[in-house]
Number of protein chains: 2
Amino acid sequence: MSTVALPTGRGLSAARPTSAAGGHTPLGLDRARITGGFWAARQDAVAGGIRWGHEQLERAGNLQNLRIAAGQAEGEPVGPVFADSDVYKWLEAVAWEQARRPAEDLLTLQREVTALVAAAQHEDGYLNSVAPARGERYSNLPWSHEHYCAGHLIQAAVAQVRCTGDRGLLDVAVRLADHLVATFGRDLQHDVDGHPVVEMALVELYRETGTQDYLDLARYFTDSRGHGLMASYGKEPAYFSDRVPVREATTVEGHAVRAVYLTAGATDLATETGDRELLALLERQFDAMWATKTYLTGGLGSRWEGEAFGEPYELGPDRAYAETCAAIGGIQWAWRLLLATGSAHYADAIERMLFNGFLAGVSLAGTEYFYVNPLQLRGGATADENRSPAHGRRGWFDCACCPPNVMRTMAGLADLLATSTSDGLWVHQYASATLESGALAVEVVTNYPWDPEIRLSVTRADGPSALRLRVPAWASGASVTVAGESRPAEPGSYLTLERAWQPGDEVVLTLPLDVRTVTAHPRADAVRGCVALERGPLVYAFEHCDQGADVRLDDVALVPGSAARGEHHPELLEGVTLVTARGRHLDVPEEYRSWPWPTAGGPPEVGEEVDLVAIPYYAWANREIDAMRVWVPALGDRP
Amino acid sequence: MSTVALPTGRGLSAARPTSAAGGHTPLGLDRARITGGFWAARQDAVAGGIRWGHEQLERAGNLQNLRIAAGQAEGEPVGPVFADSDVYKWLEAVAWEQARRPAEDLLTLQREVTALVAAAQHEDGYLNSVAPARGERYSNLPWSHEHYCAGHLIQAAVAQVRCTGDRGLLDVAVRLADHLVATFGRDLQHDVDGHPVVEMALVELYRETGTQDYLDLARYFTDSRGHGLMASYGKEPAYFSDRVPVREATTVEGHAVRAVYLTAGATDLATETGDRELLALLERQFDAMWATKTYLTGGLGSRWEGEAFGEPYELGPDRAYAETCAAIGGIQWAWRLLLATGSAHYADAIERMLFNGFLAGVSLAGTEYFYVNPLQLRGGATADENRSPAHGRRGWFDCACCPPNVMRTMAGLADLLATSTSDGLWVHQYASATLESGALAVEVVTNYPWDPEIRLSVTRADGPSALRLRVPAWASGASVTVAGESRPAEPGSYLTLERAWQPGDEVVLTLPLDVRTVTAHPRADAVRGCVALERGPLVYAFEHCDQGADVRLDDVALVPGSAARGEHHPELLEGVTLVTARGRHLDVPEEYRSWPWPTAGGPPEVGEEVDLVAIPYYAWANREIDAMRVWVPALGDRP
């Protein structure tokens with residue numbers, strides 16, 4: 001792999017608000033570069049997966065579908081109706097990866113696939129290799145995913161032009177978007193796609209091209225939802241986020257990925273149209289989601305049925321759906337809210353989702369994926385549905401939305417690290433990296449999340465400016481040292497350091513990494529009486545293979561306060577800090593072993609002492625598939 | 001409605017083992033008659049529903065489908081592919097209802113619909129009004145439900161001939177069964193239906209007609225499962241009970257109704273073939289289900305996804321699926337095991353399912369049904385899928401399996417009360433009734449389950465014989481009085497009273513109805529730290545509308561030992577005994593009201609005292625749909 005030249009200064013970001021929008025500007029992948037450490041290793045692993053992903057798209061027929069549509073091959077398209085979107089998400093991943101680490105082999109693949117996509121486009125701009133073979137164009141939008149595929153095409157095209165300067169895919173996207181405007185714009189055809197994403201995409205295309213029609217169409221699609229347009233399509237309107245208009249909703253409901261893609265797009269819309277009222281409503285919806293419908297891991301969507309959000313506090317750990325794509329959508333939404341508001345809450349939320357609900361979705365090797373991310377698997381789990389964690393991660397799925405979604409997110413991850421505003425540089429996430437805003441460039445060196453210290457060195461400074469560092473809400477006892485002077489830093493906010501920075505200036509932020517024992521909201525019935533362990537941004541999990549031979553993970557309770565040690569094991573799971581705690585076996589009283597179980601038994605008996613070993617949740621299921629649990633009963637007086 | 005004459009002494013039972021089978025013989029609906037009290041009122045309510053059910057079958061198109069198939073009407077069949085089965089279950093309900101309370105109006109409907117079914121049958125015996133319009137015969141058996149519909153037709157036909165002597169439907173069933181034998185018998189076409197029930201039906205047709213081919217075909221279908229025949233039909237083989245052969249299974253898995261219909265049929269098979277080994281395996285499977293995959297209510301199947309059994313102890317109360325049909329299937333299975341073994345455990349299980357998981361499936365008025373029966377509904381529940389309890393019971397469903405299943409079960413309920421063996425009469429369930437075996441006839445008078453006394457008077461006695469009375473496992477402190485002499489009765493067994501009975505002899509069984517506070521198995525994570533209340537055979541539930549205006553049902557804990565009172569309210573919910581208990585509000589600590597919720601809060605604070613009022617679970621959702629819970633956190637030291 002030889003390297004290729006990259007355009008710079010174009011704002012290599014997935015979401016790049018116009019200057020009219022105010023708020024934060026992302027640095028882009030040319031000005032925010034991960035240089036090593038935790039996330040660099042994850043990115044490198046998934047980069048291998050991107051190359052392998054091309055083979056999967058060939059094997060599964062997605063590329064052949066496009067060849068058939070382009071008249072280059074004979075046959076019927078195969079796979080799900082949204083098969084094209086997997087190709088587009090993969091193309092988007094390739095674009096971000098080109099910005100991260102340019103390589104000829106990827107560029108060649110990118111050009112080939114781009115040419116194929118262009119060839120599959122119809123004269124009038126319509127583009128879909130599967131849907132028209134299975135029914136009239138746009139005749140079944142709640143299920144046909146035609147706008148959904150268009151949205152992912154547009155996002156890939158914007159990424160491609162921003163990262164490589166190549167307009168090939170953008171020309172396709174513009175023709176497709178113009179076709180959508182001509183077909184649906186100004187209520188010509190009053191229908192919306194069952195699966196949002198085109199809203200986010202159209203706003204971004206507006207940002208890239210300046211064409212107002214795209215912004216208007218995004219607004220039209222966003223506001224058309226919530227009026228029961230999809231009431232007769234085999235699911236409750238809530239499934240499609242079509243029960244309540246986004247401007248009236250107070251929470252999220254229905255299919256989790258659909259819901260958060262829609263609200264992410266609506267946030268873009270609010271940002272670009274200066275709609276403060278809509279923005280405030282979306283903030284309240286995010287708050288409601290985060291407070292009542294989010295797992296400790298940042299996982300979203302508790303129901304398998306409909307891949308959906310449940311009721312508030314319906315958060316059972318064993319059947320948590322928490323689709324990997326939902327975590328990705330949640331990150332996209334939180335990121336857009338962060339760009340619009342600069343509130344540290346959203347950066348905290350992104351951190352929780354990134355390190356846990358998202359990262360668990362991909363194997364350490366970068367080539368196998370979870371669709372579903374539960375917080376508990378009982379011992380001796382039997383075979384289950386295709387997407388069940390009981391089988392472990394898989395290389396690809398019939399419904400392969402998650403793998404290329406992980407690829408594009410991982411490749412573009414550096415964009416989430418920092419933003420700039422008129423008065424300085426904001427650092428949201430911590431990784432070894434170089435970060436550059438207009439007036440200030442810094443180098444970050446850290447072994448986060450394993451070590452508490454984050455060292456920032458100024459490498460360029462053009463006049464006085466502010467450096468703002470997020471202090472996570474969990475980082476009680478945080479402190480900062482600037483020019484040898486140390487002071488406390490307030491958790492849950494941005495620490496502001498304003499001065500006439502000089503190259504060589506050093507800032508050290510220290511985020512204490514004591515193990516925290518956390519409990520859930522008392523209404524989260526399914527984990528009543530339980531605790532979980534966290535360390536820094538990481539949620540921990542107990543996995544069968546780390547326990548002693550005599551430990552029955554389904555039958556243990558934890559001694560609160562006993563989880564004190566965090567010891568790093570570079571040899572284990574590509575390097576993790578283990579946490580150990582003391583526990584006791586809970587022995588099942590004899591009477592439960594006879595009929596009728598529910599009426600006879602008393603509480604369990606506290607049995608022998610056991611050592612319990614926890615690993616970061618993201619690393620589970622990389623060695624074996626057996627019992628795993630995040631939440632463990634706590635000994636003591638309750639509730 | 002005028003009455004019609006009934007045949008007697010034919011064994012008016014759904015499952016009637018041949019004399020060769022040994023074991024228990026059900027009395028049949030002519031010799032077991034409910035005369036009043038609790039179940040008579042429920043039966044009368046559902047009897048109105050049976051009449052109204054005919055209108056629903058007309059409205060939903062099921063009858064029109066048959067007219068089209070019979071060449072009496074033009075058009076395409078509508079509704080699910082198993083639409084015919086709803087007609088057959090309704091016909092079965094009509095048959096049992098004719099035995100319970102003969103009426104000309106039902107007889108007229110029965111004759112009309114029977115003639116229609118006969119007219120829809122093909123020359124070669126094939127019968128299905130929907131499947132052949134949607135594909136080749138038997139080309140998609142995992143989903144086409146052709147054997148499933150045949151099974152329900154056969155069950156209805158057997159019921160009809162037993163209850164009315166009318167052979168009309170039996171002739172249709174025999175032609176259909178002969179066609180099945182000719183098509184599938186002796187491995188001619190090696191396929192099985194995705195949804196069992198034909199196994200039970202074929203054994204019963206063998207019992208009715210003596211035709212060995214039917215028993216052989218039942219065995220063939222039963223043993224063909226479990227070898228992955230359906231592996232490529234869009235679901236894991238476990239869904240179809242096709243992962244493990246029934247002779248190798250150690251528990252139940254997959255779609256709950258399918259699983260228990262299959263094991264019920266296999267139990268019939270074991271009974272008729274004298275296969276003790278198979279019977280012992282089925283007993284172990286039932287034990288495993290009851291101990292690890294059954295809700296307190298007797299509800300079966302915890303997963304919405306696939307309407308399926310979960311892992312052992314995966315028993316979340318809020319998303320309990322617990323399909324009404326699964327409780328019915330569970331009762332059928334337990335009944336067949338009881339007939340084969342005479343073990344009181346199965347009668348206990350039937351009682352739990354009947355009074356709770358089954359009965360909750362139908363409204364007090366007898367015309368609205370739950371498909372899904374959770375043990376918790378949080379306050380302020382929003383709209384959900386078609387079958388969600390958040391809407392309350394419904395009159396009919398697009399997938400209308402449950403309503404006619406409730407109808408046939410309720411109409412034939414008296415058959416479950418008692419059996420006879422060579423040495424006497426066994427009473428399994430308690431209701432005001434007349435019960436007649438060969439040597440002994442008794443009249444039962446009781447206000448069970450509200451009052452503890454069950455009075456049995458001998459009305460006929462032909463020589464010495466045994467009267468056996470089930471003493472439920474929950475009935476600690478039970479006693480019996482015979483001829484003025486009182487003695488304790490051992491819970492979880494049959495009390496045997498052997499004597500030369502005389503007409504007028506009285507037996508009084510007293511089953512103490514103290515309120516019981518029960519806990520779940522310690523591995524049932526979702527209800528850790530909770531208790532539930534039971535009284536007699538009834539599981540209790542707290543429903544929002546019975547609590548004080550200040551009580552937040554989502555935030556209460558119960559003071560163990562405080563549930564002492566059971567007071568009968570004849571005016572409420574057609575007469576129920578209320579149970580009251582003391583509780584405390586659990587106040588949510590302030591820190592949960594700010595970000596990030598999972599990491600900040602401590603345990604809830606114990607707040608003000610509240611009175612908590614519970615009603616029998618079966619009666620919930622008859623006044624409003626709001627918060628309801630069976631399991632409530634208990635104050636005290638745990639786990």
Side-chain angles (χ1 to χ4, degrees), chain A residues 235-236 238 243 253 290-291 296 303-306 310-314 316-319 345 348-349 352 376 378 381-386 473-474 492 516 518-523 525-526 528-530 532 534 554-555 557 586 588 592 595-599 601-604 633 635 637-639, chain B residues 235-236 238 243 253 290-291 296 303-306 310-314 316-319 345 348-349 352 376 378 381-386 473-474 492 516 518-523 525-526 528-530 534 554-555 557 586 588 592 595-599 601-604 606 633 635 637-639:
Chain A
K235 293 269 188 189
E236 286 277 314
R243 191 181 67 88
E253 63 178 20
W290 200 254
L296 189 65
R303 295 184 180 176
W304 280 61
E305 175 80 8
E311 299 292 324
Y313 306 110
E314 183 194 311
D318 48 359
R319 289 292 282 176
H345 293 332
D348 278 355
R352 183 173 291 277
Q376 176 180 14
R378 292 184 179 83
T382 57
D384 201 343
E385 291 84 358
N386 192 30
W474 53 258
R516 307 187 302 282
V518 303
T519 57
H521 191 288
R523 283 188 188 164
D525 298 296
R528 172 169 294 114
C530 289
E534 295 186 327
D554 290 341
D555 299 326
L586 298 178
V588 176
Y592 285 105
W595 291 53
W597 72 264
T599 63
L635 292 171
D637 197 25
R638 284 190 318 278
Chain B
K235 294 268 186 189
E236 286 278 313
R243 190 180 70 87
E253 63 179 18
W290 200 253
L296 190 64
R303 295 185 178 176
W304 279 61
E305 176 80 9
E311 297 293 325
Y313 307 110
E314 182 194 312
D318 47 0
R319 290 291 283 178
H345 293 332
D348 278 356
R352 182 173 290 277
Q376 175 180 17
R378 293 185 177 81
T382 58
D384 201 343
E385 292 84 356
N386 190 31
W474 53 259
R516 306 187 304 280
V518 302
T519 58
H521 191 287
R523 284 191 187 162
D525 299 296
R528 173 170 293 111
C530 289
E534 295 186 326
D554 290 341
D555 300 324
L586 298 179
V588 176
Y592 285 106
W595 289 55
W597 72 264
T599 63
V606 175
L635 292 172
D637 197 25
R638 285 191 316 281

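No hydrogens, no waters, no symmetry mates; every other heavy atom, side chains included, goes into these values. By convention in this document, chain letters (A, B, ...) are assigned in the order of the sequence lines, proteins followed by strands, and residues within each chain are numbered from 1. For clarity, every value in this text was computed on a predicted model and none was experimentally measured.
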B:Trp304 vs A:Arg303, test: side-chain contact (heavy atoms from CB on, under 4.5 Å). Steps then yes/no.
CA-CA 9 Å; B:Trp304 279 61; A:Arg303 295 184 180 176; over 6 Å; no
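- Using a 4.5 Å cut-off between heavy atoms, A:Pro312 touches chain B through its backbone atoms (N, CA, C, O) alone.
- Contact of B:Asp554 with chain A is made through backbone and side chain together, with heavy-atom distances under 4.5 Å.
- Here A:Arg516 pairs with A:Glu534 in a salt bridge; the nearest charged N to carboxylate O distance falls below 4.0 Å.
- Contact annotation: the side chain of B:Glu253 approaches that of B:Arg243 to within less than 4.5 Å [non-hydrogen atoms, C-beta and beyond].
- No side-chain donor-acceptor contact under 3.5 Å links B:Arg528 to the backbone of A:Ala526.
- Heavy atoms closer than 4.5 Å to chain B are found in both the backbone and the side chain of A:Asp525.
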